[in-house]
Visitor: 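Take this structure first; my questions come after.
In this text the structure is predicted, and so the values were computed from the model without any measurement.
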Amino acid sequence: MISWEAAQSFDRLAAEYDRLGELSDDPVGEWLPSVLPADSPDQRVGRALDVGCGAGRHAVLLADHFELVDAVDLSAAMIRLARQKRSRPNICYLQSGVLDIEGSYDFIVSSATLHHLPDLPAALAHIKGLLAPGGQAVLVDVVSPRAATPRWWLFGGEVRRLARNMVRRGRAEAWEIFKLSTGDWLDHRVSDRYLSRQRFEEVYSAVFPRATFTQVGNAHAMRWRSAAPTSTDQGAAQRSTG
């Protein structure tokens with residue numbers, strides 16, 4: 001499951017993290033609809049799972065495409081915030097670690113979460129086991145050529161972003177983004193550890209053979225579909241319920 005330290009960090013940062021998400025670009029949120037099955041609420045089918053849902057920003061996208069959505073995060077503060085701000089009749093927000101999730105899902109998504117896990121291969125194998133036949137996993141995480149990023153490098157990047165945002169967004173909003181990005185959230189980012197793009201593909205492919213990979217902003221996305229049920233499987237299922 002996600003480390004206790006990471007969960008405690010997000011408990012402290014929940015409101016600030018969500019506000020920063022509201023103010024920032026979301027390349028994953030913009031890209032995700034392109035890999036979802038149906039774009040009409042009248043065509044909602046199946047069950048979806050959001051692993052590391054945070055305050056529910058991507059869970060609400062899933063809710064437009066699936067009958068039922070389980071959105072899971074280990075941070076209690078994040079789950080409370082998601083229920084308050086992004087409640088939907090077909091979303092169930094759950095506080096849980098990754099390895100404690102049970103069920104069968106037609107679509108599983110995770111964004112910017114899995115790098116927190118102490119045993120990533122075990123978590124990937126567990127997620128794979130949650131996929132229904134024919135189901136699809138879309139796992140997205142930040143990648144970096146360096147495992148850890150120094151504070152001075154991150155702070156310098158935020159100074160450059162402040163200058164750009166002054167032009168794009170105006171003084172007030174640019175300054176709010178800068179303060180949120182260089183406060184306690186910067187301490188959290190310094191503690192993060194990332195895979196390189198090449199290592200990401202090696203680790204994920206070991207669990208999900210023949211997966212496809214796509215760059216999404218500064219993150220890397222893996223897509224993999226489980227084998228569809230055969231006619232023999234479907235016949236056996238019908239006989240068992242007949």
Visitor: Given side chains that start at C-beta, do those of Glu176 and Leu20 come closer than 4.5 Å, heavy atoms only?
Guide: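 No, side chains not in contact.
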
Visitor: Which heavy atom of Leu74 sits nearest a heavy atom of Gln95, and at what distance?
Guide: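 Minimum heavy-atom contact is O-NE2, 3.2 Å.
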
Visitor: Any chance CD of Glu30 has more than 12 other-residue heavy atoms, nucleotides or ligands included, within less than 6.0 Å?
Guide: yes

Visitor: Is there a path of hydrophobic side-chain contacts, each under 4.5 Å between heavy atoms, that joins Leu162 and Trp153?
Guide: no

Visitor: Taking the side chain as C-beta and beyond, is there a heavy-atom pair between Cys53 and Ile79 under 4.5 Å?
Guide: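 Answer yes - side chains close enough.
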
Visitor: How far apart are the closest heavy atoms of Ala221 and Trp31, and which atoms are they?
Guide: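 Heavy atoms only, the tightest pair is CB-CH2, 3.7 Å.
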
Visitor: Flag the pair Arg169 and Asp25 as a salt bridge only when some basic side-chain nitrogen lies within less than 4.0 angstrom of an acidic carboxylate oxygen.
Guide: yes

Visitor: In terms of hydrophobic clusters joined by side-chain contacts under 4.5 Å, are Val203 and Trp224 together?
Guide: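 Same cluster: Val203 reaches Trp224 through Ile, Leu, Val, Met, Phe, Trp or Tyr contacts under 4.5 Å.
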
Visitor: May I ask you to test the Glu22-Arg57 pair for a side-chain heavy-atom distance under 4.5 Å?
Guide: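 With C-beta onward as the side chain, the pair touches.
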
Visitor: Would you say the ring centers of Phe178 and Trp175 fall short of 6.0 Å from each other?
Guide: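 Under 6.0 Å, so yes.
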
Visitor: Could you tell me if the side chain of Tyr204 sits less than 4.5 Å from the side chain of His220, heavy atoms only?
Guide: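 They are not in contact (no side-chain heavy atoms under 4.5 Å apart), so the answer is no.
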
Visitor: Taking the side chain from Thr113 and the backbone from Ser111, do they hold a donor-acceptor pair closer than 3.5 Å?
Guide: yes

Visitor: Does Arg88 form a side-chain contact (heavy atoms from CB on, under 4.5 Å) with Asp64? I'd like the steps, not just the answer.
Guide: CA-CA 10 Å; Arg88 297 290 189 277; Asp64 287 336; 5.8 Å; no

Visitor: Salt bridge (Lys or Arg N to Asp or Glu O under 4.0 Å) between Glu202 and Arg199: does it pass, once the steps are laid out?
Guide: CA-CA 5 Å; Glu202 291 171 352; Arg199 185 59 181 154; 3.1 Å; yes

Visitor: Determine whether Asn90 and Phe66 make a side-chain contact, defined as any pair of heavy atoms from C-beta on separated by less than 4.5 Å.
Guide: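 No, too far: nothing below the 4.5 Å cut-off.
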
Visitor: Using a strict 4.0 Å threshold on nitrogen-to-oxygen distance, state whether Arg19 and Glu16 make a salt bridge.
Guide: no

Visitor: Identify whether the distance between the nearest side-chain nitrogen and carboxylate oxygen of Arg161 and Glu158 falls below 4.0 Å.
Guide: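 Here Arg161 pairs with Glu158 in a salt bridge, since their nearest N and O are under 4.0 Å apart.
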
Visitor: If the test is side-chain contact (heavy atoms from CB on, under 4.5 Å), which one of Arg197, His115, Glu201 qualifies with Val143?
Guide: Arg197

Visitor: Apply side-chain contact (heavy atoms from CB on, under 4.5 Å) to Leu124 and Leu139, showing your working.
Guide: CA-CA 9 Å; Leu124 295 177; Leu139 308 180; 3.8 Å; yes

Visitor: Atom CG in Leu49, atom SG in Cys92: separation rounded to 0.5 Å?
Guide: 11.0 Å

Visitor: Check for me, please, whether Leu68 and Leu61 land in the same ILVMFWY cluster - side-chain distances under 4.5 Å, paths through other members count.
Guide: no

Visitor: Run the side-chain contact (heavy atoms from CB on, under 4.5 Å) test on Leu131 and Gln136 for me, step by step, so that the C-alpha distance in whole Å, both residues' side-chain angles and the decisive distance to 0.1 Å come before the verdict.
Guide: CA-CA 7 Å; Leu131 277 175; Gln136 182 177 193; 5.6 Å; no

Visitor: Is a salt bridge present between Asp18 and Lys85, judged by a nitrogen-to-oxygen distance below 4.0 Å?
Guide: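 Result for this pair is yes, salt bridge flagged.
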
Visitor: Just so I know, are the side chains of Val72 and Asp100 near enough to count as touching, which here means a heavy-atom distance under 4.5 Å?
Guide: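 Sidechains of Asp100 and Val72: no contact.
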
Visitor: Roughly how far apart are Ser24 OG and Tyr17 OH, rounded to 0.5 Å?
Guide: 9.5 Å

Visitor: Tyr194 and Val51: same hydrophobic cluster, using ILVMFWY side-chain contacts below 4.5 Å?
Guide: no

Visitor: Would you indicate whether the side-chain heavy atoms of Asp187 and Arg151 approach each other to under 4.5 Å?
Guide: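 Counting from C-beta outward, Arg151 and Asp187 do come under 4.5 Å.
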
Visitor: Roughly how far, to the nearest 0.5 Å, is CZ of Arg225 from CZ of Phe208?
Guide: 13.5 Å

Visitor: Once you round to the nearest 0.5 Å, how far does CD1 of Ile177 lie from CG of Leu23?
Guide: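 Going from CD1 on Ile177 over to CG on Leu23, the span is 5.0 Å.
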
Visitor: Out of curiosity, does Val138 fall in the hydrophobic cluster containing Ile91 (side-chain heavy atoms, cut-off under 4.5 Å, transitive links)?
Guide: yes

Visitor: Taking all heavy atoms of Lys128 and all of Pro209, pick out the closest pair and write down the distance.
Guide: NZ-CD, 4.0 Å

Visitor: So do the side chains of Leu114 and Ile127 get within less than 4.5 Å of each other, counting heavy atoms only?
Guide: yes

Visitor: Give me the atom names and distance for the closest heavy-atom approach of Ala82 to Tyr93.
Guide: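 It is CB-CE2, 3.5 Å.
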
Visitor: Using side-chain contact (heavy atoms from CB on, under 4.5 Å), reason through Ser110 and Ile108 one step at a time and then give a plain yes or no.
Guide: CA-CA 7 Å; Ser110 180; Ile108 300 176; 5.8 Å; no

Visitor: Which heavy-atom pair separates Leu195 from Phe200 by the least distance, and what is that distance?
Guide: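 Answer, listing the atom of Leu195 first, then Phe200: CD1-CA, 3.8 Å.
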
Visitor: Would you say the side-chain atoms of Asp106 pair up with the backbone N or O of Arg47, donor to acceptor, closer than 3.5 Å?
Guide: yes

Visitor: Which heavy atom of Ala48 sits nearest a heavy atom of Leu62, and at what distance?
Guide: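 What the structure gives for the nearest pair is CB-CD1, 4.1 Å.
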
Visitor: Determine whether a donor-acceptor pair (N or O, by modelled atom type, separation under 3.5 Å) exists between the side chain of Ser196 and the backbone of Ser144.
Guide: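 Checking the backbone N and O of Ser144 against the side chain of Ser196, no donor-acceptor pair under 3.5 Å is found.
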
